[in-house]
There are 2 protein chains.
Amino acid sequence: MNVINHHSIRKAIRQRIESGEWQPGTIIPAEADLAAEYGCSRTTVNRAMQNLADDGLIERKRRAGTRVKEIPTRQTTFKIPIVRHEIEATGANYRPHILLKETKRAPDHITAKLHLDQGEKLFHLVTAHLSDRRVYAVEDRWVNLAAAPEIISAPLDEISANEWLIRKVPYSNGDVVFSASAASKREAEAFEIDIGAALFTVDRTTWLDDIFITTMTLRYRPGYQLNARL
Amino acid sequence: MNVINHHSIRKAIRQRIESGEWQPGTIIPAEADLAAEYGCSRTTVNRAMQNLADDGLIERKRRAGTRVKEIPTRQTTFKIPIVRHEIEATGANYRPHILLKETKRAPDHITAKLHLDQGEKLFHLVTAHLSDRRVYAVEDRWVNLAAAPEIISAPLDEISANEWLIRKVPYSNGDVVFSASAASKREAEAFEIDIGAALFTVDRTTWLDDIFITTMTLRYRPGYQLNARL
DNA sequence: CAGTGGTCTAGACCACGTG
DNA sequence: ACGTGGTCTAGACCACTGG
């Protein structure tokens with residue numbers, strides 16, 4: 001440990017927790033003390049500790065001090081990959097293939113979820129994401145035309161709606177839901193599998209402040225896995 | 001914007017990106033300039049920018065400056081919940097129910113994945129996580145006895161193996177894989193569903209440095225969803 | 001009340017990598 | 001070469017909250 005920076009201190013503290021020196025539930029020394037021990041400024045220790053708190057390894061409270069979490073529920077952080085990138089990473093060719101494109105009133109379960117007027121028309125798009133000639137994933141998307149009117153004339157057989165939207169219509173927040181679902185007739189045909197087969201599914205909805213932009217369901221072909229690190 | 005702190009600056013910059021003022025791919029002003037503009041020190045701007053980089057909204061390089069990402073692949077961060085917490089959050093009662101407990105040579109696909117000797121014996125545990133009387137998830141776990149010998153005598157019908165391990169045997173790193181899989185006969189019986197039904201599945205393996213600790217597969221009952229925010 | 005973490009500042013030096 | 005971000009320091013003040 002020649003170099004002293006917040007990385008090395010973070011690592012050192014982490015190891016003292018992992019080694020069992022500081023048991024779950026116990027209070028660890030105050031920043032000032034650690035700064036003295038490691039011979040650096042409190043600022044640096046603070047930085048390391050904040051990162052560890054972000055990791056979910058410790059809990060910090062003013063006045064009460066820093067405590068090793070009873071159950072270190074580490075945050076899992078990962079990127080939800082762009083389908084095109086996933087496919088191209090395998091060396092295959094990516095192409096979006098439009099199965100359905102229409103403008104119509106959204107079904108009730110969509111309007112209800114998004115607090116839209118029932119009469120409102122949305123842009124509806126069903127796309128097969130192709131890896132070479134095989135279907136890699138099927139996407140069913142609804143777009144708020146008030147937020148992104150130009151999408152009607154976008155070349156969605158060249159650039160996926162997802163990427164087009166990311167570029168043209170920024171979003172500020174959203175939610176993602178992962179689940180497993182059974183293949184519908186349409187998906188079974190696309191993937192050439194049996195109806196009911198288990199498909200990894202991602203539902204994503206994004207907003208710009210309180211304006212709904214888009215919601216979509218993405219179902220991956222059987223065997224797909226999403227990886228993350230702890 | 002009365003208060004100036006790294007949070008408010010982060011928010012301000014974020015909004016300038018989301019509003020389209022700073023388009024994807026463009027360089028945004030240097031820290032020093034922004035510090036002057038916002039009337040705060042460069043340190044504060046730096047903090048805000050580093051957070052935005054962690055969010056995946058911008059990319060930073062020395063000398064080259066800070067650029068709005070072409071495709072803002074935001075990192076999705078969330079906690080993988082502890083099964084007991086999920087169940088108790090619904091108001092139900094949690095109980096782990098042991099279906100199988102044995103010490104035996106691991107199957108080849110496990111030893112291969114973990115670079116273990118083929119002869120090595122591992123602790124094997126299959127648990128049903130009960131929400132009141134219903135099965136909420138089924139867990140199939142292998143534990144390295146060299147790393148956690150005491151688990152053999154742990155009261156695993158009171159505390160789940162997961163929580164026991166977290167307390168007794170810290171880990172330093174691991175990986176998680178999410179997928180969808182078809183219910184096996186055992187799972188179909190446990191969940192009282194048909195064989196082949198789609199189950200949300202989490203595979204997790206943890207290590208302490210390079211010592212393998214445990215690997216497990218957790219299959220949730222049909223309809224389970226894992227939520228995250230963007 | 002007092003001790004803890006949260007944050008800011010001003011200045012400094014360094015690492016990096018582009019041009 | 002030099003401009004950019006990465007980081008450290010010392011000191012300061014504040015916000016929170018436990019005792």
Side-chain angles (χ1 to χ4, degrees), chain A residues 1-14 16-17 22-70 72-75 77, chain B residues 1-14 16-17 22-70 72-75 77:
Chain A
M1 176 126 46
N2 310 331
V3 204
I4 323 175
N5 57 19
H6 68 93
H7 295 295
S8 64
I9 291 183
R10 172 182 180 171
K11 198 168 167 183
I13 294 174
R14 188 172 203 126
R16 290 172 83 163
I17 292 172
W22 291 331
Q23 292 287 327
T26 60
I27 301 272
I28 74 182
E31 291 184 355
D33 298 335
L34 288 172
E37 179 181 341
Y38 287 115
C40 66
S41 76
R42 182 167 82 88
T43 315
T44 303
V45 174
N46 179 274
R47 186 113 175 245
M49 301 280 266
Q50 290 201 12
N51 287 334
L52 287 170
D54 285 343
D55 292 346
L57 218 62
I58 60 179
E59 262 173 341
R60 325 192 72 205
K61 270 191 212 149
R62 284 163 158 133
R63 164 79 207 197
T66 299
R67 185 181 296 275
V68 180
K69 270 206 188 171
E70 286 288 354
T73 43
R74 311 212 183 161
Q75 306 236 39
T77 296
Chain B
M1 175 132 43
N2 310 330
V3 203
I4 322 175
N5 57 20
H6 67 94
H7 294 296
S8 63
I9 291 182
R10 172 181 180 173
K11 197 168 167 183
I13 294 174
R14 187 173 203 127
R16 290 171 83 163
I17 293 172
W22 290 331
Q23 292 286 325
T26 61
I27 301 270
I28 75 182
E31 293 184 354
D33 298 336
L34 288 171
E37 179 181 341
Y38 287 114
C40 66
S41 75
R42 182 166 82 89
T43 315
T44 303
V45 174
N46 178 274
R47 185 112 175 247
M49 301 280 267
Q50 290 202 10
N51 287 334
L52 286 170
D54 285 344
D55 291 346
L57 217 62
I58 58 179
E59 263 173 341
R60 325 193 70 205
K61 270 189 211 151
R62 284 161 155 132
R63 164 80 204 195
T66 299
R67 184 182 297 274
V68 181
K69 270 207 187 170
E70 286 288 353
T73 44
R74 312 214 182 159
Q75 306 238 40
T77 298

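Below, chains carry the letters A, B, ... as their sequence lines are ordered, and counting in each starts from 1. The structure presented is a predicted model; accordingly, all values stated were derived computationally and were not measured.
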- CZ (B:Arg60) and CD (B:Gln50) are apart, to the nearest 0.5 Å, by 6.0 Å
Below 4.0 angstrom from OP1 or OP2 of [N], is there any side-chain N or O of [X]?
{"X": "A:His7", "N": "D:dG6", "value": "no"}
{"X": "A:Thr66", "N": "C:dG5", "value": "yes"}
{"X": "A:Asn5", "N": "D:dT7", "value": "no"}

Considering only side-chain heavy atoms of [X], which listed nucleotide, [options], is closest?
{"X": "A:His6", "options": "D:dC8, C:dT18, D:dA15", "answer": "D:dC8"}
{"X": "B:Gln50", "options": "C:dC16, D:dG6, D:dC13", "answer": "D:dG6"}
{"X": "B:Ala30", "options": "C:dT7, C:dG6, D:dT4", "answer": "D:dT4"}
{"X": "B:Thr43", "options": "D:dG5, C:dT7, C:dA10", "answer": "C:dA10"}
{"X": "B:Arg60", "options": "C:dT9, C:dG6, D:dG6", "answer": "D:dG6"}
{"X": "B:Cys40", "options": "C:dT18, C:dT9, D:dG5", "answer": "C:dT9"}
{"X": "A:Arg42", "options": "C:dA12, C:dG3, C:dT7", "answer": "C:dT7"}
{"X": "A:Thr44", "options": "C:dC16, D:dT7, D:dC8", "answer": "D:dC8"}

Rounded to the nearest angstrom, tell me the gap between atom [atom1] in [X] and atom [atom2] in [N].
{"X": "A:Asn51", "N": "C:dG5", "atom1": "CG", "atom2": "C1'", "answer": "15 Å"}
{"X": "B:Leu34", "N": "D:dT4", "atom1": "CG", "atom2": "P", "answer": "12 Å"}
{"X": "B:Leu52", "N": "D:dG6", "atom1": "CG", "atom2": "C1'", "answer": "16 Å"}
{"X": "A:Asn46", "N": "D:dT7", "atom1": "CG", "atom2": "P", "answer": "14 Å"}
{"X": "A:Tyr38", "N": "D:dT9", "atom1": "OH", "atom2": "P", "answer": "14 Å"}
{"X": "A:Ile27", "N": "D:dT17", "atom1": "CD1", "atom2": "C1'", "answer": "13 Å"}
{"X": "B:Glu59", "N": "D:dG6", "atom1": "CD", "atom2": "P", "answer": "12 Å"}
{"X": "B:Arg47", "N": "D:dT9", "atom1": "CZ", "atom2": "C1'", "answer": "15 Å"}

Would you say [X] and [Y] make side-chain contact, with heavy atoms under 4.5 Å?
{"X": "A:Met49", "Y": "A:Ile28", "result": "yes"}
{"X": "B:Leu52", "Y": "B:Arg14", "result": "yes"}
{"X": "B:Leu57", "Y": "B:Ile13", "result": "no"}

- Task: Find which nucleotide of DNA chain D each of A:Ser41 and A:Lys61 is nearest to by heavy atoms, and output the residue with the more 5' nucleotide.
- Result: A:Ser41
- Ignoring hydrogens and angles, are the base of D:dC2 and the side chain of B:Arg63 linked by a donor-acceptor pair under 3.5 Å? yes
- Between A:Ile9 and A:Ala48, which heavy-atom pair has the shortest distance, and what is it? CG2-CB, 3.8 Å
- Query: When B:Glu31 is tested against each of B:Thr44, B:Asn46, B:Thr66 for side chain to side chain donor-acceptor pair (under 3.5 Å), which residue passes?
  - Reply: B:Asn46
